[in-house]
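Just below is one structure, and these are the notes that go with it.
By convention here, the first residue in the shown sequence is residue 1.
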Amino acid sequence: MNPTILDVDTGIDDALAIAYAVRSPALEVLGITTCFGNVSAEEASCNTLTVLDYLESDIPVYQGAGEPLFRKYLGEKAVAIHGEDGLGNRADRILKRGIEKQHAVDFMIEQIKRRPGEVTLVCVGTMTNLALALMKAPEIAGLMKRAVIMGGAVTVPGNVTPWAEANIHNDPEAAEWLFRSSAPVTMVGLDVTMQTLLPEEELDRWRRKNTPLASFMADISEFYIQCYKRNYPGIRGCGLHDPLAVGAVIDPTFVTTVPMHVQVDLEGSLSLARTIGDRREQPDRRPNADVCLTVDADRFLAHFLENTV
Ligand code: RIB
Ligand code: CA
């Protein structure tokens with residue numbers, strides 16, 4: 001079993017990733033930590049609890065950072081992509097329980113120290129919680145098994161600017177803090193996640209299952225696919241960004257990685273939050289991340305569809 005902490009900004013693909021992780025026999029989800037990003041940290045917590053209710057799971061939820069490390073959070077929720085409430089306007093449940101009292105950052109530190117070398121962090125929102133944990137307890141860089149992040153784009157365009165991907169753009173300094181920390185990082189960026197699309201026709205199959213979870217996932221994914229069709233004319237589905245980060249832990253052979261020095265542009269007026277990977281033959285700095293450059297999209301998608309709802 002892979003003891004794992006999911007760090008989310010629950011939005012729609014986060015919800016799919018939570019279901020994929022919680023239902024996987026390969027992962028022991030120790031807890032889910034939340035942060036701002038697609039929505040506020042509070043909304044991310046409520047949405048995460050909503051998804052866990054549908055999954056009939058009592059996995060604990062720990063709320064984390066509500067704003068970036070240094071920049072002002074403008075509260076720009078990703079309404080057009082994830083809906084006003086972050087779940088395609090389907091966050092309509094009365095929650096069965098609340099969040100834990102412990103702060104997300106303290107939970108991360110405690111669990112990593114309790115099981116040295118064993119805990120994998122899967123960060124699919126901003127890297128703010130993990131950066132704060134590394135600031136508070138730098139030693140965890142050498143104690144965690146790995147940090148698998150959904151974020152960045154090295155060989156393809158960004159999705160919030162021509163260069164920047166949303167999770168990095170929401171808190172560039174947090175991502176750079178992680179890359180400089182010597183923690184073992186796997187970067188699951190748009191280079192691979194835009195190749196793993198949830199096909200629209202799959203939703204009918206989910207609906208035919210006729211379970212609350214399958215109907216909920218179909219409804220929120222429908223909202224997400226409609227957004228992708230508006231933003232990427234001709235696209236045949238929506239990007240399974242966060243689920244692929246989980247998939248890379250469930251079965252690392254879904255992706256191939258290249259060790260690379262990655263740096264986040266913290267000053268660029270045009271390329272702020274770009275993840276710059278040094279792909280020269282003779283780079284002048286040691287690699288600080290394993291960057292995913294290829295994915296076995298068909299095999300991953302088949303596994304995700306078979307094991308999520
Ligand atoms: O760029 C995609 C990422 O930004 C995903 O994690 C999505 O949920 C948003 O947080
Ligand atoms: Ca996310």
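To the nearest 0.5 angstrom, M150 atom CE is 6.0 Å from N167 atom CG. In this structure, CG on L301 lies 7.5 Å from CD on E202, to the nearest 0.5 angstrom. For the atom pair OG1 (T48) and CD1 (I18), the distance works out to 4.0 Å, reported to the nearest 0.5 Å. Atom CE of M127 is separated from atom CD of E173 by 13.5 Å, given to the nearest 0.5 angstrom. To the nearest 0.5 angstrom, S221 atom OG is 5.0 Å from L198 atom CG. Here the OG1 atom belonging to T161 is positioned 11.5 Å from the CD1 atom belonging to I168, to the nearest 0.5 angstrom.
Neither M194 nor V154 shares a network with the other; the hydrophobic side chains, linked directly or stepwise wherever heavy atoms of I, L, V, M, F, W or Y lie under 4.5 Å apart, form separate groups for each.
Judged by distance alone, with hydrogens and angles left aside, the side-chain atoms of T275 form a donor-acceptor pair with the main-chain N or O of A153 at under 3.5 Å. With D191 contributing its side chain and T155 its backbone, the two residues share a donor-acceptor pair below 3.5 Å. Without hydrogens or angle criteria, S40 side chain to F36 main chain gives no donor-acceptor distance under 3.5 Å. At distances below 3.5 Å, not a single donor-acceptor pair connects side-chain atoms of R207 with backbone N or O atoms of S215. With hydrogens and angles disregarded, a donor-acceptor distance shorter than 3.5 Å links the side chain of N89 to the backbone of E84. Of the possible polar contacts, none joining the N38 side chain to the A78 backbone as a donor-acceptor pair under 3.5 Å is found. Although no hydrogens or angles enter the test, the distance criterion places a donor-acceptor pair under 3.5 Å between the side chain of D85 and the main chain of L87. In this structure, R205 contributes its side chain and L305 its backbone to a donor-acceptor pair below 3.5 Å.
Sorted by first then second residue, the ring-ring contact (aromatic ring centres under 6.0 Å, His included) pairs that include residues 212-234, not counting sequence neighbours, are Y54-F216, H82-Y224, Y224-Y228, Y228-Y232. Here side chain to side chain donor-acceptor pair (under 3.5 Å) pairs that include residues 125-139, with residues two or more places apart or in two chains, are D7-N129, D106-K136, K113-E139, T126-T128, T128-D171. Residue pairs that meet the ring-ring contact (aromatic ring centres under 6.0 Å, His included) test with at least one member in residues 101-148, sequence neighbours left out, are Y62-F107. Listed by first then second residue, pairs satisfying ring-ring contact (aromatic ring centres under 6.0 Å, His included) with a partner in residues 254-280 read F254-F300, F254-H303, not counting sequence neighbours.
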Point to revise | Audit row: L55, V51, side chain to side chain contact (heavy atoms under 4.5 Å, CB included) steps and yes/no | key: CA-CA 6 Å; L55 290 162; V51 175; 3.8 Å; yes

Check your understanding: After noting the C-alpha distance and the side-chain angles of R23 and N307, does the key distance pass the side chain to side chain contact (heavy atoms under 4.5 Å, CB included) rule?
Key -> CA-CA 7 Å; R23 294 171 70 116; N307 295 283; 6.0 Å; no

Exercise for review: Give the intermediate values and the outcome of side chain to side chain contact (heavy atoms under 4.5 Å, CB included) for residues I220 and M217.
Suggested key: CA-CA 5 Å; I220 67 173; M217 290 297 180; 3.9 Å; yes

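R279 meets the side-chain hydrogen bond (donor to acceptor under 3.5 Å, both in side chains) test with no other residue; sequence neighbours excluded. Here R236 pairs with E201 under the side-chain hydrogen bond (donor to acceptor under 3.5 Å, both in side chains) rule; sequence neighbours left out. The salt bridge (Lys or Arg N to Asp or Glu O under 4.0 Å) check on D284 picks up R280, with sequence neighbours excluded. The salt bridge (Lys or Arg N to Asp or Glu O under 4.0 Å) search around E42 returns none, not counting sequence neighbours. With sequence neighbours excluded, no residue satisfies side-chain hydrogen bond (donor to acceptor under 3.5 Å, both in side chains) with R230. With sequence neighbours excluded, the residues that form a salt bridge (Lys or Arg N to Asp or Glu O under 4.0 Å) with R180 are E176. Not counting sequence neighbours, R97 has no partner by the side-chain hydrogen bond (donor to acceptor under 3.5 Å, both in side chains) test. When the salt bridge (Lys or Arg N to Asp or Glu O under 4.0 Å) test is applied to E100, no partner is found at least two apart in sequence or on another chain.
Looking only at side-chain heavy atoms (C-beta outward), L240 and D13 stay at 4.5 Å or farther from each other. Annotation: side chain of L52 is not in contact with side chain of D58 (no heavy-atom distance under 4.5 Å). Looking at heavy atoms from C-beta onward, T253 lies out of side-chain contact with D296 at the 4.5 angstrom threshold. The shortest side-chain heavy-atom distance between L27 and V246 falls under the 4.5 Å cut-off. Counting heavy atoms from C-beta on, the side chains of I32 and V8 come closer than 4.5 Å. Two residues are said to be in side-chain contact when any heavy atoms from C-beta on lie closer than 4.5 Å; H241 and V124 fail this criterion. By the 4.5 Å heavy-atom criterion applied to side chains, E165 and T193 are not counted as neighbours. For the pair L244/F304, no side-chain contact is recorded, criterion being any heavy-atom separation below 4.5 Å from C-beta on.
Residues I99 and S45 come closest through the heavy atom pair CG2-CB, 3.6 Å. The heavy-atom pair separating L272 from A164 by the smallest distance is O-CB, 3.4 Å.
Few gaps surround CH2 on W206; more than 12 heavy atoms of other groups in view lie less than 6.0 Å from it. For R285, the CZ atom counts as densely surrounded, since its 6.0 Å shell holds more than 12 non-hydrogen atoms of other residues, nucleotides or ligands.
For the 3.5 Å distance criterion, the side chains of E118 and Q111 fail to qualify, holding no donor opposite an acceptor.
In this structure, R90 does not pair ionically with E222, as no charged nitrogen and carboxylate oxygen lie closer than 4.0 Å.
The only member of T4, I149, I112 that meets side chain to side chain contact (heavy atoms under 4.5 Å, CB included) when paired with L121 is I112.
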